[in-house]
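Notes for the one structure printed next.
Since this is a predicted model, take the numbers as computed values, not measurements. Computed over heavy atoms, backbone and side chain alike; hydrogens, waters and symmetry mates excluded. Throughout, protein chains are lettered first and strands after them, A, B, ... in sequence-line order, and every chain is numbered starting at 1.
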Number of protein chains: 2
Amino acid sequence: MPFSPPALDSFDLAILAILQRDNTTPQRLIGEAVNLSAPAVQRRIKRMEQTGVIAGNVAVVEPAAVGHPITIFVEVELESERAEMIDAAKRQFSAAPEVQQCYYVTGEADFILVITVADMAAYEALTRKLFFDSNNVRKFRTFVAMDRVKVGLTVPLPG
Amino acid sequence: MPFSPPALDSFDLAILAILQRDNTTPQRLIGEAVNLSAPAVQRRIKRMEQTGVIAGNVAVVEPAAVGHPITIFVEVELESERAEMIDAAKRQFSAAPEVQQCYYVTGEADFILVITVADMAAYEALTRKLFFDSNNVRKFRTFVAMDRVKVGLTVPLPG
DNA sequence: CCTCGAAATGCAAGTTTGTTTCGTCAGGAT
DNA sequence: ATCCTGACGAAACAAACTTGCATTTCGAGG
């Protein structure tokens, strides 16, 4: 499903650009930055939250600070690409808390996962649970992150 | 650099679990949930922000809503792995707004990028800028996301 | 050209939330 | 035993958010 919501004007985009960087910015300051009153800013934010343009408001936690210093990418290739199997894999991968992100992709792999773990032993245990116990994984390739050069969910905004 | 900050107790972890899901939750409610007064919650949050446990507070924007409906993964392999070249690549990749995430990894690739673009033409243009114009990219593999099954920066918390 | 209605705005009041202050208490070191 | 440090809760305070309302803007008809 694409996106039905009404088009965003330059005010909305300017507001998003700010919230995307720091959503604790007071509406008064946002208003000054975009030349709008605080209530106007607030109405636009609420609308964008309701229509799903703003998917959430979250604190970003440093994984290393909570015992998950290792980030790993995994390319997963399934045995069967039947829709039923795909869906089962989606559900299983999503259910694992260590799986931070899960994408179903085209190309030489079927899924790409972003995983955070405490150590390689934890990763090894996770692969056993996710890939070996399930009999639908043909193979997977592991990439261990040595440097999280740039991390975020920031989307470039027009204007 | 690993992480020096003081250990987090179960209160901190409980607070993080909430903020990670919704950082607009009133401190009063957080206090009720974790059995602490609002000021206590606020002191702990401030401390975690200052020590970097909380890396940021952001609104998550739906890419499709702002004209970037396509998410792409790219594995990049460099010609030279001299430290100087690695650093140059890090800087160049990070500088591109379309590059949402950039990781320097071990294994059969050197970098993994997560990119959001409006259409394949935009991606093609980006590859030209990032990979071809730079003479240090040996090859790259592209994976187009058909389904963003699970997206986020949520870290699993002990306890 | 004018009128009408829908939608968005700013202002101001009212409410909720966040922040600071202050006094108290527990644990550790002197 | 005493002091010092760090953390807590209660209450006062400041700031931010939210709502109601009159006004403005803009476009579609008449």
Contacts of B:Tyr103 meeting ring pair (Phe, Tyr, Trp, His ring centres under 6.0 Å) (sequence neighbours excluded), chain-then-number -> A:Phe73
Hits for side-chain contact (heavy atoms from CB on, under 4.5 Å) against B:Asp9, two or more places apart or cross-chain, chain-then-number order -> B:Phe11, B:Asp12, B:Arg44
Flag, side chain of B:Lys90 to backbone of B:Tyr104, donor-acceptor distance under 3.5 Å:
no
Applied to residues 91-101 of chain A, the salt bridge (charged side-chain N to carboxylate O under 4.0 Å, His left out) test, sequence neighbours excluded, yields none
Under a 4.0 Å heavy-atom criterion, DNA chain C is touched by chain A from C:dA8 to C:dA12
The complete set of salt bridge (charged side-chain N to carboxylate O under 4.0 Å, His left out) pairs with one or both residues in residues 15-36 of chain B, sequence neighbours excluded, reads B:Arg28-B:Glu32
Name each donor-acceptor pair under 3.5 Å that joins a side chain in residues 152-159 of chain A to protein atoms two or more places apart or in another chain, with its distance.
none

Side chain to side chain donor-acceptor pair (under 3.5 Å) filter on A:Thr142, not counting sequence neighbours, yields A:Tyr123
Protein-proximity profile, nucleotides 10-24 of chain D, B/S/- by nucleotide at the 4.0 Å heavy-atom cutoff, equals BB----SSSBB----
For B:Glu84, the side chain to side chain donor-acceptor pair (under 3.5 Å) test, sequence neighbours excluded, returns B:Arg82
Separation of D:dT25 atom P from A:Leu36 atom CG, nearest Å, is 14 Å
For residues 137-159 of chain A, the ring-ring contact (aromatic ring centres under 6.0 Å, His included) pairs (sequence neighbours left out) are A:Phe131-A:Phe140, A:Phe132-A:Phe140
Rounding to the nearest 10°, end axes of the helix from C:dC1-D:dG30 to C:dT30-D:dA1 built from five pairs each make an angle of 30°
In short, salt bridge (charged side-chain N to carboxylate O under 4.0 Å, His left out) pairs touching residues 129-146 of chain B with sequence neighbours left out are A:Glu75-B:Arg141, A:Glu108-B:Arg141, B:Glu75-B:Arg141, B:Glu77-B:Arg138, B:Glu79-B:Arg138
